[in-house]
Amino acid sequence: MSTSEDEVFNNAGMALLHCCASGDIDNVKQLVEKGAPIFYQEASSGYTCLHFAADIQSLPLTKFLIANGATWNAPDHTGYTPAEIALSYGNTAIYEEIVGEGVRAEFILNLLGEKAQNDESDPASNLNAFLSSKLTYEYDGEGQERVVDSAGDPVMMEWETPIMQKTVHALCDNHEDAEESLTILNVGFGLGIIDTEFQKYKPTQHTIIEAHPDVLKHMRETGWYDKPGVRVCEGKWQDFIEEIGQFDVIYFDTFSEHYHDLHAFFEHIPNLVESPNSRFSFFHGLGATNAVFYDVYTRIADLHLDQVGMTAQWDDVAVPELSAVWKGVRRSYWNLPVYKLPVARMNVF
């Protein structure tokens, strides 16, 4: 781009931002029609047109910008997205408009088979890197047990226990098929928090799929291979899914897999359920460092469960303040005050 082209581009972008900031939607439309860059960001703040629309609380401007390709999840220089700005004002109409665009965009990406580009050497974002990394079972400064990988990322932590307990109660209590005993499938062992809770229901069959060699070693050392009814399948869930059987309760919680992997697991649930009364849940940590992204992925998961013939109920579980929990680890995977607990069942017509 030549200097003159650069100047034209920047001038058009700044003019568009100025009109958005003042709510001059007529001139915004004219500038967009002439090719002004709708994705342009103000140098000082990082604001985009959509940030300004949310800031002045203009729903018509928000709708126009989204319809013309504005990026729904662009952060400003302080890390805030347009939807978060709308949320800070309590403007649910603009928030829903932006989040709705996020759901549509992410849904289409998933439909087209798009996958995020991840660092293949990072255990937190690449399954093969994770399975070849060293896991350490340890206690933090507060005396809580945790598992961390070789990069210093937490894999599972004891603070999750109340969430796991509530999940197990939602999956197992008053189960219509529990006259004799439940059959349970859990994908991903970690610290064994949820499997410990499942064992309290004395299932006739308790199948655990786990691929990491260090976790399997820990399970042997702590007696899981010898517990009544427990069957340990050593490998990835994809290795067993076609012949694993059917269950009253199914739970999914893996590390270093991504939403497209969870979505792929959804597709198998109709063949995994023992009856229409069977219940399914998963650890919903999708986008859990940002309230807007968390909301978007909650809605996407709900849509994808509906596609495979399931209806999910989402219950809010309060999460305590966790700043002390993240000391001594490289990154946190949870920054929100509320966990949305999903329990899904097959639709019966």
Side-chain angles (χ1 to χ4, degrees), residues 144-147 155-210 219 222-224 227-232 237 244-255 262 265-266 269 272-286 288 294 297-298 301-302 305-306 308 310-322 325 333-334 336-348:
Q144 294 195 40
E145 191 175 14
R146 65 190 183 191
V147 185
V155 174
M156 178 174 276
M157 307 178 83
E158 196 171 321
W159 72 263
E160 299 173 27
T161 299
I163 290 173
M164 298 298 181
Q165 290 172 333
K166 290 180 184 296
T167 300
V168 169
H169 287 309
L171 288 171
C172 298
D173 285 356
N174 303 312
H175 200 293
E176 295 88 339
D177 294 331
E179 292 183 4
E180 297 180 2
S181 189
L182 294 172
T183 56
I184 296 172
L185 169 66
N186 176 39
V187 182
F189 182 82
L191 280 172
I193 297 172
I194 201 162
D195 287 301
T196 298
E197 296 299 320
F198 280 142
Q199 278 288 293
K200 295 177 181 178
Y201 287 79
K202 297 180 170 56
T204 52
Q205 183 187 148
H206 182 175
T207 299
I208 303 169
I209 302 177
E210 175 57 55
M219 292 176 71
T222 52
W224 277 93
K227 291 183 183 293
V230 170
R231 173 177 55 154
V232 181
W237 63 266
I244 195 68
Q246 295 178 314
F247 304 88
D248 301 314
V249 170
I250 303 165
Y251 188 73
F252 184 94
D253 181 13
T254 66
F255 188 77
L262 176 62
F265 188 83
F266 288 172
I269 295 174
L272 294 174
V273 295
E274 178 68 32
S275 77
N277 299 322
S278 298
R279 303 175 189 176
F280 166 71
S281 186
F282 62 93
F283 183 76
H284 180 19
L286 304 164
Y294 193 64
Y297 273 105
T298 299
D302 194 63
L305 285 168
D306 181 68
V308 298
M310 303 193 83
T311 297
Q313 177 180 329
W314 302 83
D315 292 331
D316 289 350
V317 178
V319 177
E321 206 283 321
L322 297 174
V325 168
Y333 57 81
W334 191 276
L336 305 177
V338 173
Y339 173 85
K340 292 188 177 298
L341 192 165
V343 175
R345 304 187 194 206
M346 297 299 302
N347 298 325
V348 179

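- Nearest heavy-atom pair across V325 and R146 is O-NH1, 3.9 Å.
- To the nearest 0.5 angstrom, H206 atom NE2 is 10.0 Å from K227 atom NZ.
- Shown here for N174 and R279, the closest heavy-atom pair between the two residues is O-NH2, 3.0 Å.
- Scanning both residues, L272 and G245, for their nearest heavy atoms gives CD2-O, 3.6 Å.
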Residues F266, F252; criterion ring-ring contact (aromatic ring centres under 6.0 Å, His included); working and verdict: CA-CA 10 Å; F266 288 172; F252 184 94; 8.0 Å; no
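- Contact check for V319 versus I163: side-chain heavy atoms found under the 4.5 Å cut-off.
- In this structure, CZ in F198 is found 11.5 Å from OG1 in T207, a value given to the nearest 0.5 Å.
- Taking the six-membered ring for Trp, H284 and Y294 have ring centres closer than 6.0 Å.
- No side-chain heavy atom of P162 sits less than 4.5 Å from a side-chain heavy atom of V317.
- A side-chain donor-acceptor contact under 3.5 Å links N186 to the backbone of G188.
- Closest heavy-atom contact between Q246 and V273: NE2-O, 3.4 Å.
- L182 CG to K202 NZ: the interatomic distance, rounded to the nearest 0.5 Å, is 12.5 Å.
- Pairing each heavy atom of M310 with each of F280, the nearest pair is CE-CB, 4.0 Å.
- Expressed to the nearest 0.5 Å, how far CG of L191 lies from OG1 of T196 amounts to 9.0 Å.
- From M164, atom CE reaches atom CH2 of W159 across 8.5 Å, with rounding to the nearest 0.5 Å.
- Not a single donor-acceptor pair under 3.5 Å links the side chain of S281 to the backbone N or O of Y251.
- Residues F247 and S278 form no side-chain contact, since every pair of their non-hydrogen atoms from C-beta on lies 4.5 Å or further apart.
- Aromatic ring orientation, W334 versus F283: tilted (interplanar angle from 30° to 60°).
- Contact record, S181 with D248: O-OD2, 3.9 Å, taken as the closest heavy-atom pair.
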Evaluation steps, side-chain hydrogen bond (donor to acceptor under 3.5 Å, both in side chains), between D195 and W224: CA-CA 10 Å; D195 287 301; W224 277 93; over 6 Å; no
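- A distance of 3.5 Å separates OG1 of T167 from CG of L341, quoted to the nearest 0.5 Å.
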CA sep, side-chain torsions, deciding dist, call: I208, V230, side-chain contact (heavy atoms from CB on, under 4.5 Å): CA-CA 7 Å; I208 303 169; V230 170; 4.2 Å; yes
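- In this structure, E197 contributes its side chain and V168 its backbone to no donor-acceptor pair below 3.5 Å.
- Within the structure, no pair that satisfies the salt bridge (Lys or Arg N to Asp or Glu O under 4.0 Å) test touches residues 159-174, not counting sequence neighbours.
- At least one side-chain heavy atom of L262 sits less than 4.5 Å from a side-chain heavy atom of L286.
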